[in-house]
Amino acid sequence: QVQLVESGGGLVQAGGSLRLSCAASGRTFSSKIMGWFRQAPGKEREFVSTMRWSDGTTTYADSVKGRFTMSRDNAKNTVYLQMNSLKPSDTAVYYCAAKIANYRSTNWRAYDYWGQGTQVTVSS
C-alpha cells in the first residue's frame, strides 16, 4: 500500500501562486508514476500533470502548461505542484495520485492510490 498526503491548498487571488505538496509513504518503491488531478464541483476529475519518479519526465494538461510545474524530491518521497498565474477556473480540489505500472497516463482511472485532496480556491 502507498499512502499519499497532500498539503498546500488555500485561497488566493487571481494571478497569485500556490505550491502543493504530496508526501508518499508505505511501499513507495512500487509507485512508478505520480500524477496530479483536480475536480471542480459538478465536473469530472481532470488531469493536471503526471511524472515518472525515476527520471522526472513530466506531461501537463494544455490548460496548465506554462503556468504549473511538477517536481519531485526523491529523498523526501514528495512531489510538488507549483502553480503560478492562477485563474478562477483553476478552483478545484486537487488530488495527488500514484500508479504502479510504469507508463504515464492522463486517465485518472489508471491510478492505484489517491490522497485525500486539498482545496484550491482562486478569487477574481
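If you read the sequence from its start, that first residue is 1, and numbering goes on from there. Atom set for the values below is all heavy atoms of this structure, side chains included, hydrogens, waters and symmetry mates excluded.
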A.B. asks: Quick check: do Val48 and Tyr95 have side-chain heavy atoms less than 4.5 Å from each other?
C.D. replies: no
A.B. asks: Can you give me the closest heavy-atom contact between Ser54 and Arg72, atom names plus distance?
C.D. replies: O-NH2, 3.5 Å
A.B. asks: Passes side-chain contact (heavy atoms from CB on, under 4.5 Å), Val120 versus Thr91? Steps please.
C.D. replies: CA-CA 5 Å; Val120 171; Thr91 295; 5.9 Å; no
A.B. asks: Quick one: CZ on Arg109 to NZ on Lys99, what's the gap to the nearest 0.5 Å?
C.D. replies: 14.5 Å
A.B. asks: Does a sphere of radius 6.0 Å around NZ in Lys65 hold more than 12 heavy atoms from other residues, nucleotides or ligands, not counting ones at 6.0 Å or beyond?
C.D. replies: yes
A.B. asks: Does Gln116 reach the main-chain N or O of Glu6 with its side chain, forming a donor-acceptor pair under 3.5 Å?
C.D. replies: yes
A.B. asks: Show which side-chain atoms of residues 83-90 pair as donor or acceptor with protein atoms under 3.5 Å away, not counting sequence neighbours.
C.D. replies:
residue	atom	partner	partner atom	Å
Asn84	OD1	Ser17	OG	2.9
Asn84	OD1	Gln82	NE2	2.9
Asp90	OD1	Arg38	NH1	2.9
Asp90	OD1	Arg67	NH2	3.0
Asp90	OD2	Arg67	NH1	2.7
Asp90	OD2	Arg67	NH2	3.4
Asp90	OD2	Lys87	N	2.8

A.B. asks: In this structure, would Met70 and Leu4 fall into the same cluster of hydrophobic residues linked by side-chain contacts under 4.5 Å?
C.D. replies: yes
A.B. asks: Might you point out which heavy atoms bring Val79 and Cys96 nearest each other, and give the distance in Å?
C.D. replies: CG2-SG, 4.1 Å
A.B. asks: Would you compute the distance between atom CD of Gln13 and atom OG1 of Thr121 and round it to the nearest 0.5 angstrom?
C.D. replies: 13.0 Å
A.B. asks: Could you see if Met34 belongs to whatever hydrophobic cluster contains Tyr113? Use Ile, Leu, Val, Met, Phe, Trp, Tyr and a side-chain cutoff under 4.5 Å.
C.D. replies: yes
A.B. asks: For residues Ile100 and Val2: do they belong to one hydrophobic cluster (side chain heavy atoms under 4.5 Å, members Ile, Leu, Val, Met, Phe, Trp, Tyr)?
C.D. replies: yes
A.B. asks: Under 3.5 Å, is there a donor-acceptor pair linking the side chains of Asn107 and Ser105?
C.D. replies: no
A.B. asks: Is it the case that the side chain of Arg45 and the backbone of Phe37 share a donor-acceptor pair, with hydrogens and angles ignored and the cut-off at 3.5 Å?
C.D. replies: no
A.B. asks: With no hydrogens and no angle check, is any side-chain donor or acceptor of Gln39 less than 3.5 Å from a backbone partner on Ala92?
C.D. replies: no
A.B. asks: Applying a strict under-4.5 Å side-chain criterion to I, L, V, M, F, W and Y, I'd like to know whether Val93 and Trp108 cluster together.
C.D. replies: yes
A.B. asks: Run the side-chain contact (heavy atoms from CB on, under 4.5 Å) check on Asn74 and Trp53 step by step: do they pass?
C.D. replies: CA-CA 8 Å; Asn74 288 346; Trp53 265 118; 3.2 Å; yes
A.B. asks: Quick one: salt bridge (charged side-chain N to carboxylate O under 4.0 Å, His left out) partners of Arg19, sequence neighbours excluded?
C.D. replies: none
A.B. asks: Would you kindly confirm whether Tyr60 and Met51 end up in one hydrophobic cluster when ILVMFWY residues are joined by side chain heavy atoms under 4.5 Å apart?
C.D. replies: yes
A.B. asks: Tell me, do Leu81 and Val64 make a side-chain contact under 4.5 Å, heavy atoms counted?
C.D. replies: no
A.B. asks: Side-chain contact test, heavy atoms from C-beta onward, threshold under 4.5 Å: evaluate it for Tyr111 versus Thr50 and give yes or no.
C.D. replies: yes
A.B. asks: For residues Ser21 and Thr78, report the shortest heavy-atom separation together with the two atoms involved.
C.D. replies: CB-CG2, 4.4 Å
A.B. asks: For Tyr94, does its backbone N or O pair with a side-chain atom of Thr118 as donor and acceptor, under 3.5 Å?
C.D. replies: no
